[in-house]
S.K.: 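Here it is: the structure, laid out below.
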Amino acid sequence: MRLYGLVGYSLKYSFSKDFFDNKFIKEGITDAQFSNFEMEDVESISKLVKELPQLNGFTVTIPYKTSILSIINRMTEDVKKINALNVVKVKRLGEDPELEGYNTDTYGFERSLLNHIKSYHDRALILGMGGAGKAVAFVLEKLGIHYKYVTRTYNEGAFLYDHLSEEIIASYPLIVNATPLGMFPDTDSFPRIPYQGISNKHFLFDLVYNPAMTLFLKKGKEHGALLQNGYQMLCYQAEEAWRIWNDR
């Protein structure tokens, strides 16, 4: 039985296992299983790979998308540039397993974004500079969309949340929430930005998909913005992960 899984710290919010369980049933895949692995640290991930010889690959979520790079043997140029990954392929050609790192968040975000974006969504704010935010920035740069990060602490070239104004919000018609704010079970949280600056020309993209309608999106809806949550992105990136795991 081939084993795949999701690695993270707290996985109660994730739909990944449901996605793959349903995929296996729908496509008649009977020799594969998908499990959740809640890990205390990166060293525990290395131990997991050695203890489960049937583990062929796994996806990676909060908070290990960047720290896991320390145990990766090979990685794509995209991963090197972004400095974050979300997919690992386990290769067992010798005594010690080798880990290959990939980033399919970029693939999933780009495909989902292009399904909805308008030509005037040409300037973007990325809320958060973690692994997900870096993947978003990679895609926006590729598409020629000017962007700036928004952070809680000072980073050169980024806006601070406390310094955002309605005028700044109004001048960036694409706003991407790449933080876990609003994610189950913390559904009462949301990015603290001046939502009064949002109009019906805005596109709010929330990488969170559980719940489907976060407070971030609800506040955007009140001002007529175009909305998108992260579920479609999850599906796209998961299918790409499956392709990578099974690409011989």
Side-chain angles (χ1 to χ4, degrees), residues 8-10 12-15 61-66 82 84 86 105-106 108-110 112-113 116-118 120-141 143 145-234 237:
Y9 182 71
S10 178
K12 294 177 183 178
Y13 72 90
S14 178
F15 289 172
T61 189
I62 299 169
Y64 301 125
K65 290 187 176 185
T66 296
I82 298 167
N86 71 304
D105 279 340
T106 55
F109 176 70
E110 181 175 358
S112 186
L113 181 72
H116 308 284
I117 197 169
K118 308 298 183 185
Y120 50 82
H121 296 133
D122 55 355
R123 288 164 55 85
L125 293 177
I126 305 173
L127 311 183
M129 285 186 69
K134 292 172 183 175
V136 169
F138 179 87
V139 171
L140 296 183
E141 187 173 328
L143 297 177
I145 297 174
H146 171 76
Y147 68 87
K148 290 196 76 167
Y149 287 108
V150 181
T151 62
R152 291 176 297 176
T153 57
Y154 175 78
N155 279 275
E156 187 175 357
F159 288 123
L160 287 170
Y161 279 98
D162 292 344
H163 293 171
L164 289 179
S165 64
E166 290 184 31
E167 290 73 23
I168 291 174
I169 293 295
S171 66
Y172 287 86
L174 173 60
I175 305 177
V176 183
N177 177 33
T179 78
L181 291 172
M183 181 187 296
F184 177 86
D186 190 22
T187 55
D188 290 334
S189 64
F190 60 93
R192 303 287 176 167
I193 64 174
Y195 290 91
Q196 298 85 349
I198 292 173
S199 71
N200 59 5
K201 295 295 186 182
H202 275 77
F203 180 9
L204 269 59
F205 194 126
D206 199 335
L207 270 56
V208 173
Y209 55 82
N210 182 14
M213 181 65 75
T214 60
L215 282 178
F216 171 71
L217 294 180
K218 286 180 181 178
K219 290 177 178 296
K221 184 178 182 180
E222 291 173 1
H223 296 275
L226 177 67
L227 310 176
Q228 176 67 27
N229 68 27
Y231 184 71
Q232 189 178 67
M233 173 181 168
L234 167 74
Q237 70 86 11

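Nothing here was measured: the structure is a model prediction, and the numbers come from that model.
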S.K.: Answer yes or no: is there a donor N or O on one side and an acceptor on the other, between the side chain of D105 and the main chain of A135, under 3.5 Å?
M.R.: no
S.K.: Using atom types as modelled and distance alone, determine if a side-chain donor or acceptor of T187 lies under 3.5 Å from a backbone N or O of G182.
M.R.: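 No, the answer is negative, given that no donor and acceptor are paired below the 3.5 Å cut-off.
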S.K.: Can you find a heavy atom in the side chain of I145 that is under 4.5 Å from one in the side chain of V139?
M.R.: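 No; the side chains remain at least 4.5 Å from each other.
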S.K.: To check you understand the geometry: which heavy-atom pair defines the closest contact between I126 and A178, and what is its length?
M.R.: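 Residues I126 and A178, closest heavy atoms: CG2-CB, 4.2 Å.
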S.K.: Please identify each residue that fulfils ring-ring contact (aromatic ring centres under 6.0 Å, His included) with H121, with sequence neighbours left out.
M.R.: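 Checked H121 against ring-ring contact (aromatic ring centres under 6.0 Å, His included); matches are F203.
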S.K.: So, the side chain of R192 versus the backbone of Y161: is there a donor-acceptor pair under 3.5 Å, distance only?
M.R.: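 Here the side-chain-to-backbone pair does not exist.
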S.K.: Anything under 30° is parallel, anything over 60° is perpendicular, the rest tilted; go ahead and classify F159 against Y172.
M.R.: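 Geometry flag for Y172 against F159: perpendicular rings.
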S.K.: Please assess L174 against L140 for the test side-chain contact (heavy atoms from CB on, under 4.5 Å), listing each intermediate value before the final yes or no.
M.R.: CA-CA 10 Å; L174 173 60; L140 296 183; 4.0 Å; yes
S.K.: Using the rule given for side-chain contact (heavy atoms from CB on, under 4.5 Å), can you reason through Y209 versus Q232, listing the C-alpha separation, both sets of side-chain angles and the distance that settles it, and then say yes or no?
M.R.: CA-CA 9 Å; Y209 55 82; Q232 189 178 67; over 6 Å; no
S.K.: Is the backbone of E222 close enough, under 3.5 Å, to the side chain of Y195 for a donor and an acceptor to pair up by distance?
M.R.: no
S.K.: Applying the side chain to side chain donor-acceptor pair (under 3.5 Å) criterion to Y13, which one of D186, N210, T61 satisfies it?
M.R.: T61
S.K.: Checking side-chain contact (heavy atoms from CB on, under 4.5 Å) between L207 and each of V176, N177, L127, T179, which is the one that passes?
M.R.: V176
S.K.: For the OH atom on Y120, are there more than 12 heavy atoms of other groups (residues, nucleotides or ligands in this structure) within a distance under 6.0 Å?
M.R.: yes
S.K.: Distance check, rounded to the nearest 0.5 Å: L204 atom CG versus Q228 atom CD?
M.R.: 11.5 Å
S.K.: Name all pairs fulfilling the side chain to side chain donor-acceptor pair (under 3.5 Å) condition that reach into residues 151-160, sequence neighbours left out, sorted by first residue then second.
M.R.: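 Listed once each, the pairs would be none.
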S.K.: Evaluate ring pair (Phe, Tyr, Trp, His ring centres under 6.0 Å) for F109 paired with F138, printing each intermediate quantity in order.
M.R.: CA-CA 10 Å; F109 176 70; F138 179 87; over 10 Å; no
S.K.: Mind checking whether R123 and S171 have side chains closer than 4.5 Å, heavy atoms only?
M.R.: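 Yes - at least one pair of side-chain heavy atoms lies under 4.5 Å apart.
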S.K.: With a 4.5 Å heavy-atom cut-off, do T214 and N229 have their side chains touching?
M.R.: no
S.K.: Does a side-chain heavy-atom distance below 4.5 Å link P173 with D122?
M.R.: yes
S.K.: Using a 4.5 Å cut-off on heavy atoms from C-beta on, say whether the side chain of I193 contacts that of F216.
M.R.: yes
S.K.: Given side chains that start at C-beta, do those of I169 and H202 come closer than 4.5 Å, heavy atoms only?
M.R.: yes
S.K.: Would you please test L227 and M213 for side-chain contact (heavy atoms from CB on, under 4.5 Å) and show each step?
M.R.: CA-CA 9 Å; L227 310 176; M213 181 65 75; 4.0 Å; yes
